[in-house]
There are 2 protein chains.
Amino acid sequence: MRVRLEDVARATGVSPKTVSRVLNEEPSVKESTRQRVLAAMESMNYRPSPAARGLAGSRSFLVAMLYDNNDNPASTYLAEIQDGVLDVCDANRYSMMVCPLRLRGKDFIRRLDALVAEHHIDGVIMTPPLTDDAPLLHRLKEHGVPHASISPQRREGSIGVCMDEPQAAKALVQHLIELGHRRIAHIVGIANHGASRWRLQGYKEALTAAGLPYDPDYVVQGEFTFGSGVMAARELFALPQFPTAIFAANDDMAAGVMWAAYERGLKVPRDLSVCGFDDTPMATQLWPPLTTVRQPSREMGKLAALQLMELLRGRGTGLLVQVPYSLQLRESTAAPPQAQG
Amino acid sequence: MRVRLEDVARATGVSPKTVSRVLNEEPSVKESTRQRVLAAMESMNYRPSPAARGLAGSRSFLVAMLYDNNDNPASTYLAEIQDGVLDVCDANRYSMMVCPLRLRGKDFIRRLDALVAEHHIDGVIMTPPLTDDAPLLHRLKEHGVPHASISPQRREGSIGVCMDEPQAAKALVQHLIELGHRRIAHIVGIANHGASRWRLQGYKEALTAAGLPYDPDYVVQGEFTFGSGVMAARELFALPQFPTAIFAANDDMAAGVMWAAYERGLKVPRDLSVCGFDDTPMATQLWPPLTTVRQPSREMGKLAALQLMELLRGRGTGLLVQVPYSLQLRESTAAPPQAQG
DNA sequence: GACAGAAATGACAGCGCTGTCAATTGGCGC
DNA sequence: GCGCCAATTGACAGCGCTGTCATTTCTGTC
């Protein structure tokens with residue numbers, strides 16, 4: 001019925017253990033034997049049973065992608081990452097499980113324990129804000145499960161992938177300044193996300209670099225959601241002298257800002273410049289298309305998974321790879337209404 | 001180290017096999033024994049090893065979610081479905097694997113074979129357009145893998161979940177007609193999706209019911225993507241007498257229509273009414289908010305998974321559950337520019 | 001050409017569970 | 001109180017692989 005390792009062994013005239021060695025790319029197998037075994041595997045269309053491998057061996061060939069499905073409004077972000085991770089897992093003959101966690105609910109540690117206990121997970125990929133949850137990280141360390149992070153806040157000691165977000169945000173705001181804007185507002189994201197901090201930081205740095213004052217009234221809290229962008233924008237529009245440009249910490253909130261602008265009868269970019277961050281598909285689908293920063297999520301998922309694979313292979317200790325950002329200058333930003341000094 | 005079934009057996013004073021029976025909810029276990037075993041499992045925090053269960057038994061407790069990541073632009077749709085499926089799997093102690101297939105590439109059958117051969121998948125959840133791919137269905141039948149579908153085209157013999165899409169589309173177009181529209185265009189979706197057929201059908205039925213003529217010029221082909229919506233709208237705007245309302249087969253294309261309208265200087269809904277289908281988050285984030293049909297994707301994922309669970313439990317033969325739709329009347333539709341007759 | 005040591009291979013048990021089939025127990029009629 | 005059948009439980013092998021450790025086959029050396 002099913003082709004087993006033993007069948008391949010018999011066909012090749014070697015012991016099952018040797019076939020196992022070839023399967024697991026263990027070093028001490030003579031090249032000629034290796035080739036014969038591989039050929040037999042191929043011709044017999046042999047497929048190792050993950051269950052048996054997991055049961056007998058120490059590895060499960062399973063990685064879990066952990067994410068917080070409370071605090072991740074932009075499903076496209078997660079979907080793209082998942083896609084990238086899956087790609088790399090597939091290529092490396094690993095399976096991937098998706099595992100939504102709820103940081104707020106306090107059972108997420110138990111969910112993790114269950115995952116490790118039941119499935120013997122080999123490794124974990126995490127997305128923000130899980131990447132920086134101390135209890136979670138601690139537990140992973142206790143379990144001894146290797147993990148790679150996407151955009152973790154702590155750079156030292158982290159493995160995975162990141163972007164120079166402060167620099168990207170700074171460049172974006174500098175673009176606004178170059179267009180002539182002086183009253184630039186910022187809508188911050190959810191507090192425990194590194195992205196929120198970095199983007200705010202870049203905003204501040206750009207102002208400082210240009211010698212512009214930092215006005216706390218121009219910095220309002222959002223939640224990375226469209227709705228929170230609307231609310232934040234309304235708040236800003238209520239200021240006696242409202243900004244000529246708004247930099248929202250992500251595209252969803254930027255879309256909310258544009259919505260609120262229309263609601264108020266403001267034309268973008270004539271009356272107000274708007275920019276976001278992430279370059280989700282939505283960015284090019286807004287009217288006018290949104291100026292933003294491209295973040296290559298799919299690629300980042302791949303890179304994080306690749307780092308994890310390195311760890312699992314026992315080669316090296318894993319890196320925190322940095323991917324380049326790129327500004328996407330579109331029609332939602334322009335010179336401010338009245339040229340000021 | 002690890003708590004095994006044998007440990008639970010010893011603690012309860014029964015044989016491992018009896019514990020196994022309890023674990024698998026087999027009938028012939030005395031209730032008192034059952035309770036004792038369950039109590040021991042609980043107190044010892046016993047977690048069965050899926051690998052061992054899969055290896056020894058005939059079930060793997062694994063279901064795969066199959067989707068085509070070529071032809072599914074709306075990642076939120078898939079993400080929501082995945083979320084729903086995952087929910088139900090979790091609750092039933094099943095694991096879920098996600099498995100993107102590419103119908104176009106001809107290796108997808110091999111991918112499926114590998115999935116079945118390696119992981120001994122217990123069941124499959126499919127999304128359009130996979131639900132109606134003959135070779136795929138045939139192969140699943142050959143493998144004897146139970147499967148549930150989300151919005152399959154063939155109603156008879158299918159198991160899973162669906163919506164009365166023709167009726168929903170008809171109701172939507174009737175709404176336009178009631179508003180006074182007479183020249184209503186439709187943008188069709190990708191050809192091999194049932195959704196495309198059903199929504200077109202509903203469109204036609206509404207016209208017929210109202211005694212309006214069917215004008216082929218008013219029906220243009222799209223691909224469910226934003227970009228294709230833009231193109232289709234431009235095509236329609238090029239007609240000598242262009243429509244006063246456009247019904248796009250999904251929200252993404254409707255967004256494209258609105259984009260194209262702005263591009264041409266048309267105001268929605270003053271100059272043009274636009275409506276979509278699906279009620280993705282985007283629908284409320286457009287300006288003006290989009291009139292559309294709500295499709296409860298998450299719920300549909302759950303229901304399909306529940307049907308699959310029924311199948312896997314051996315209870316009943318599985319149903320094709322129908323979920324209700326609901327019209328979301330928002331500001332993108334209004335009376336046509338000039339009241340006609 | 002014999003020998004040490006490395007390289008390559010194999011024998012065997014067992015991972016944690018379930019399927020099969022046999023054994024035990026309990027209930028009931030007479 | 002005995003026999004019979006159904007309900008309940010248990011013994012045991014084995015799923016397909018890998019870890020451990022033993023064994024064989026090469027190298028090169030003196």
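Here is the naming used below: chain letters follow the sequence lines, and residue numbers restart at 1 for every chain.
- Closest approach to the L55(B) side chain among dT18(D), dG16(D), dG10(C) is made by dG16(D) (side chain taken as heavy atoms from C-beta onward).
- Salt bridge present: K302(B) and D87(B) bring a charged side-chain N and a carboxylate O closer than 4.0 Å.
- Of the candidate nucleotides dG16(D), dG10(D), dC17(C), dG16(D) has the atom lying nearest to any side-chain atom of A52(A).
- Between the CD atom of E26(B) and the P atom of dG10(D) there is a distance of 14 Å, given to the nearest Å.
- Comparing E31(A) and K17(A), the nucleotide of DNA chain C nearest to each residue sits closer to the 5' end for E31(A).
- Checking the phosphate oxygens (OP1, OP2) of dT18(C), a side-chain nitrogen or oxygen of S20(B) falls inside 4.0 Å.
- For T33(B), a side-chain nitrogen or oxygen approaches OP1 or OP2 of dT9(D) to under 4.0 Å.
- Checking dG16(D), dT18(D), dT8(D) against the side-chain heavy atoms of K30(B) singles out dT8(D) as nearest.
- The interatomic distance linking R53(A) (CZ) with dG19(D) (C1') rounds to 14 Å, in whole Å.
- Take the nearest nucleotide of DNA chain D for R4(A) and for V29(B): the residue whose nucleotide is more 5' is V29(B).
- Taking atom CG of residue L5(B) and atom C1' of nucleotide dG19(C), one finds them 14 Å apart after rounding to whole Å.
- Across all strands, S28(A) comes closer than 4.0 Å to base atoms (heavy-atom distances).
- For the pair N24(B) CG and dG19(C) P, the interatomic distance rounds to 7 Å; values are reported in whole Å.
- Per the geometry, CZ belonging to R47(A) stands 16 Å off P belonging to dG16(D), to the nearest Å.
- Between F224(A) and H193(A), the ring planes are perpendicular. Angles over 60° get that label, and only those under 30° would be called parallel.
- Within the 4.0 Å cut-off from OP1 or OP2 of dC17(D), not a single side-chain nitrogen or oxygen of S49(A) is found.
- In this structure, OH of Y46(B) is placed 3 Å from P of dC17(C), rounded to the nearest angstrom.
- One finds no salt bridge joining D68(B) and R102(B) here, because no Lys/Arg side-chain nitrogen approaches an Asp/Glu carboxylate oxygen to under 4.0 Å.
- Rounded to whole angstrom, the span from the CZ atom of R10(B) across to the C1' atom of dT9(D) amounts to 18 Å.
- Residue P48(A) has its side chain nearest to dC17(D) when only dT8(D), dC15(D), dC17(D) are considered.
- With hydrogens and angles left out, the side-chain atoms of H119(A) and S60(A) include no donor and acceptor closer than 3.5 Å.
- Residue R21(B) contributes atom CZ, which lies 12 Å from atom C1' of dT24(C) at whole-angstrom precision.
- The residues R10(B) and D7(B) are annotated as salt-bridged, a charged nitrogen and a carboxylate oxygen being separated by less than 4.0 angstrom.
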